[in-house]
Each structure stands twice: as structure tokens, then as C-alpha cells.
Peer 1: 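Attaching a single structure in C-alpha cells format; questions to follow.
Whatever order the structure lists ligands and atoms in, that order sets their numbers, starting from 1.
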Amino acid sequence: MAVVLGIIAASVPVLLFNAWLRGQGEDETAVTAAWALGYADTQIGEAVTAINDLSTNGIDSCRPAQVEAMRRAVLRSGPFKELLLIGQNGQVACTDSGLQVRQQVIASVAATDRDILLELVRIGEGSERLLRVRKVGQADKPSIAAVIPTALLLPQVSLRGGRLDGAVRLTMPDGAVVSEAGKVNSEQEQRHVRLRSQPYGLTVTVSLPVGGLIADQDALRRIAMLVTGVTAIVILLFALRRARQPASGTAELAKAILSDQFVPYYQPVVDIQTGKLLGAEVLVRWKRADGSFIEPAAFAALIESSGLSLDLTRSLMRRVRDDIGAAIGKRPRVSVAFNVAPQHFDDAMIINDVGTIFDNSQIKLTQIVLELTERHRIDNLTAMRKTIAALQGMGCKVAIDDAGTGHSGLSYILKLGVDIIKIDKVFVHALGSEGHSKATIETLIDLAKNMRMEIVAEGVEDFDQVTYLRERGVAAAQGYVFAPPLPAGSFLQLLDAMEPVAEMVPAPAKPQRASSFR
Ligand code: C2E
Ligand code: CA
Ligand code: CA
């Protein structure tokens, strides 16, 4: 049913778009106006996202660390060139660059349904204008704003990539010109189209010569087909995804995720050569409304079949960031490991999620480890390898989890280029009794040494196991012999006791990958 509805829903934009195109007499002016407005909205939207993120992360003062966070957001780019805080008196309190030039507001408009104000400002005494995108939050706090050079708000070339054969103008509601691109050829009759941006209240006016319209109708038609095709595919995929999900258990899980019933527990990872705390592995627990706790084995299959594992991981990552971010941020050498479902690596979704959730957080990307289990087969090894390399490029580490239990063998681990091997607990438990386990562990240790990978033994329960692992040069281990998975409060106490901040090694000046789990 959902698929049929999806097909119907997907065909609607196609039909509407085609009807609209015909109705407009395939009017390039209207298409250009829609395109230019989308361009401006996107540029402003990026600034809005950035200032919302900074505001969520509590950036509301000119303290050096906060100014640095703004600076990093600018360097990560976006169309905005500067971030600043504006005091209650309307004056600039500080900027990410430390430079302060007087900004005079010429015109402003409040975005609909948001606490966002767009202000056209003049810089100093000159004629240069900028668009200031400002979040008006609490009255007693400075507001954060992003400044976009007005030229970046409009496309400078035509839809077909050539010279803009007319003029595009972006204006405030009172008519003040924000930005202009191209110019009107006064010798030709012009067709004008005006569109107003729904979210931001700005107006785009496009003037194109009537005679010169749609020099290349095929190109326009191709763009139309592409736009409608992509829309149709997105709607269909959405419908198919919904259709695959069974109703009842899934709905309960989705509700549980939304109401934060899945809580992170933290199992310490210890350096068995020095006794230092290296970090923690995040292990999920389901805290039901009746107060009972359920371990992953009881709901893992349902999470996987319901397609909610990505949502669960995202929700856990946010919760970890909020619960222990400050303490982890103060200890740059301590890392946090997440178990990530293999499908989260599809289409590089994990890259986007980790970036979005941790970019402005106290937990640095260099402190994050992503554990990928060897139990599941990976179909597209090349894509997986690329995603892993991209994560490593961002500073994260990737661990192969449950090593030795999969069917793919060691060559597979090598092909993935991961940083850490985690020996599964079945081999550690069998150490005293079974020669086969020793052989597997020793092979994994040799492999890690040869490939300069870190190694972590999991499920370590007694001191004989610790001694055995230590003698073979394994540095990191986790297991009940040290601590079970702990709730955030207990883990933070342990962290304070084992790694007091006063003993902290100063953070390196340049970004550097954390030496987690060595
Ligand atoms: P895993 O990644 O192999 O995690 C280690 C498991 O061993 C955890 O079980 C942990 O509680 C348990 N463990 C730790 N020390 C000892 C020990 O000394 N002895 C014994 N017998 N067990 C020990 P848990 O928490 O029940 O998690 C089971 C599995 O569920 C995990 O295995 C992992 O594959 C999965 N899982 C847990 N949390 C998440 C999550 O947030 N996302 C995903 N995708 N999977 C998760
Ligand atoms: Ca794990
Ligand atoms: Ca395991």
C-alpha cells in the first residue's frame, strides 16, 4: 500500500513540474528566478545551521575558547566569512577573527517561524554591504550572527553555466538592494519574474531578454527531468523504507529512541602495562518505563530488522556528547568507542553523522573510535575502505570488532586499513583451556604488530588472562576484571579518580590523532 501511495505521490511533482513548465511557456526567466531564490535560501540556510549549532553548544560569550570555536566554524567554511557576537546594545561584542569594524544596520527582516533576523549592514564608513544572519535568543545574552558577503548570495553564471544573460536582484522587504548579478540589456525587451523567499522574506527579481529566452530548450528540459526524477526517487525510497518496517515492535522502539530510553553505559578500557585509563566503549542499555534494564542481546535483532539502528547510534552519540563531553574534552588522550552497524557505513552516512554530532563538541574527532564488527559480511569492500579512510582523515579511528569470529579471515582486516583490532571475548575466555584460542590471539597480536595497529582484548575476567596478554605485549584490555559497563555517573567518578585533570598531558598545538587503546 505504502509503495502504491509512494508511486502516486512521486508522480505528483513530476506532473506538477511539467504542467508548470508548459504553463510558463518554458519560461527561462521563471526557472532562473526559482533557481536564484533557492541559491540565496541555501546560502542563508547554511549560516542559520552554523549559528544554531554554535548556539546549541552554548557559544554566548567572548571567552577565548568560545571565540576559537567560532573561528573553527568559519574555517570549516560555509558562505559566511565571519561569526560574531552582538551585545544587547546592538554593537558587535567580538568576532572570530578578533577584528572589529563598526556595522550599521540599513534594513532588517525577521524570518518566518524562526528566531532568525536578517540584517543588511554597512561596514564602517564605506559603501560595502554585508548580510548579517542573526539568532535572536535570550534578551540577557549576546546574540550570535554570521556575516555573508552579498555577492555570495546570488549565482554569478546562468543556469546553463554560461554568462548570465540578464539581471538578478535580491532585495529586502523595504526594497533595499542586498545583491545584484548580471545586467539588463536595455536594447532588448525584458521579461521580469519576482519571487519571495518563504523562510527568509527576501525577494528575487529576474529580468531576462524576451528574444533570448531558452536558447537551449533541451538543456532546460534535461534539468527539469533531473529535478523531477530525483524528487520521485527520494519519495519512492522513503515509501519503500516505510513499507519494509514491521509496525508494532518498530513503533515501540522508535518511541523508546525518541523518549531517550536507550542509555549509554561505559566500559573502561585500561592500559595493562601502565594501569592508565585509555577510554571507554559505549554499550547500550534499554531503560524501560518500569525502570528495568534490558541488555542489547534482547533487542539487537529487532533493532536491526526495524532499520532503526542508525537512529539509535545517532541518539547514543548525542547522549554521550552531552553526558560526558566536558570530562572527555579535558582529557585529550582519552577516547570513546561506539559500536556502529555496518549499514551505517553505506553511502558514507557515518561520516556525516559523526561530523554533525561532534564537530563543535568538546569531544574531539581524534578521541572517537568507531567499532565495526567482523561478524557481518561486507559486500562492497572498496566503498567501505574509502569511508574508513575518510573517517581517519577527519581524525577518528576505526576498530575491527569481534576479530577472529568472522568468516572473512585476516586478509579482510588488512584490506580495510583499520587502526585497531579488538580480540573477541570468546578467545580470551578459552585461553586457559584451548590451544586453538591461543593460536588465534597470537596471530592477531602478530598481525597488529606487523601492521602497526593497536590491539584491545575484550572480556578479560581474571588476572591469569591479564598476565598472559601483558606478556605478549598487548597494551589495552577491557573486562569485568577491571570494571563492567558503568552508568555515566560512575564512569565519570572513575575517570576523575584514575585520570585526574591536573595530571593531564597538555593538548598538542596541532591537531593530532589521539593515541587511544595502544
Ligand atoms: P561487543 O561489542 O563485543 O561488546 C562487548 C560485550 O561484552 C558487552 O556486552 C559487554 O558488556 C560484555 N563484556 C564486557 N566485559 C566482559 C567480561 O569480562 N566478560 C563477559 N562475559 N562479557 C563482558 P553487551 O553490553 O551485552 O553488548 C553485546 C553486544 O551488543 C556488543 O558486543 C555489541 O556488538 C552490541 N552493542 C552494544 N551496544 C551497542 C550499540 O550501541 N550499537 C550497536 N550497533 N551494537 C551495540
Ligand atoms: Ca564492541
Ligand atoms: Ca565482542
Peer 1: Which option, A297, P268, A300, P296, owns the non-hydrogen atom nearest atom 27 (O) of ligand 1?
Peer 2: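 Going through A297, P268, A300, P296 one by one, P296 has the nearest heavy atom to atom 27 (O) of ligand 1.
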Peer 1: Suppose we only count N/O/S atoms under 3.0 Å; would E458 qualify as near the Ca ion (ligand 2)?
Peer 2: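 Given the 3.0 Å cut-off, E458 does not count as a ligand of the Ca ion (ligand 2).
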Peer 1: Decide yes or no for I455 and I423: does some side-chain heavy atom of the first lie under 4.5 Å from some side-chain heavy atom of the second?
Peer 2: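 Of all side-chain heavy-atom pairs linking I423 with I455, at least one is under 4.5 Å.
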Peer 1: Any N or O on T313 sitting closer than 3.5 Å to an N or O of ligand 1?
Peer 2: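 By distance alone, the answer is no.
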Peer 1: Protein heavy atoms near atom 41 (O) of ligand 1, is at least one of them under 4.0 angstrom away?
Peer 2: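 Yes.
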Peer 1: Short list, please: which atoms of ligand 1 are under 4.0 Å from a heavy atom of P485?
Peer 2: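 Counting atoms of ligand 1 from 1, those under 4.0 Å from P485 are 11 (O).
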Peer 1: Going by the order shown, which atoms of ligand 1 are within less than 4.0 Å of some heavy atom of E295?
Peer 2: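 This gives 26 (O) as the contact atoms.
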Peer 1: How wide is the angle at the Ca ion (ligand 2) between OE2 in E281 and OE1 in E371, to the nearest 10°?
Peer 2: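 With the Ca ion (ligand 2) as the vertex, the angle is close to 90°.
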Peer 1: Show your reasoning for whether salt bridge (Lys or Arg N to Asp or Glu O under 4.0 Å) applies to R331 and D496.
Peer 2: CA-CA 10 Å; R331 298 166 173 88; D496 272 341; 2.8 Å; yes
Peer 1: Please confirm whether K422 comes under 4.0 Å of ligand 1, counting heavy atoms of the residue only.
Peer 2: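 The answer is no, since K422 has no heavy atom less than 4.0 Å from ligand 1.
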Peer 1: Taking the six-membered ring of F293, is the NZ or CZ of R285 close enough (under 6.0 Å from the centre) and on axis enough (within 45°)?
Peer 2: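 Pair R285/F293 does not count as cation-pi.
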Peer 1: Under 3.0 Å from the Ca ion (ligand 2), is there an N/O/S atom belonging to T373?
Peer 2: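 It does not; every qualifying atom lies at 3.0 Å or beyond.
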Peer 1: Any idea which atoms of ligand 1 are less than 4.0 Å away from a heavy-atom of L316?
Peer 2: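 Heavy-atom distances to L316 below 4.0 Å select 41 (O).
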Peer 1: In ligand 1, which numbered atoms sit nearer than 4.0 Å to a non-hydrogen atom of Q267?
Peer 2: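 Once the distances to Q267 are compared, the set is 14 (C), 15 (N).
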Peer 1: Please indicate whether any nitrogen or oxygen in V284 is less than 3.5 Å from any nitrogen or oxygen in ligand 1.
Peer 2: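 For ligand 1, there is an N or O atom that lies under 3.5 Å from one belonging to V284.
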Peer 1: Could you list the atoms of ligand 1 found under 4.0 angstrom from a heavy atom of E461?
Peer 2: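 The list of qualifying atoms is 17 (C), 18 (O), 19 (N), 20 (C), 21 (N).
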Peer 1: For E281, take its heavy atoms, then give the atoms of ligand 1 lying under 4.0 Å from any of them.
Peer 2: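 Counting from 1, the qualifying ligand atoms are 2 (O), 4 (O).
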Peer 1: Can an N, O or S atom be found in D401 less than 3.0 Å away from the Ca ion (ligand 3)?
Peer 2: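 Checking D401: none of its N, O or S atoms is under 3.0 Å.
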Peer 1: Checking the N or O distance criterion of under 3.5 Å, is ligand 1 in contact with E371?
Peer 2: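 Between E371 and ligand 1 (N or O atoms, distance only) the closest approach is not under 3.5 Å.
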Peer 1: Which ligand 1 atoms are under 4.0 Å away from a heavy-atom of G479?
Peer 2: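 Answer, ordered by atom number: 15 (N), 18 (O).
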Peer 1: Show the atoms of ligand 1 that are less than 4.0 angstrom away from any heavy atom in D402.
Peer 2: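 Going through ligand 1 atom by atom, the ones under 4.0 Å from D402 are 3 (O).
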Peer 1: Between F491 and Y266, what is the ring plane arrangement, given parallel below 30°, perpendicular above 60°, and tilted in between?
Peer 2: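 Answer is parallel, since the angle falls under 30°.
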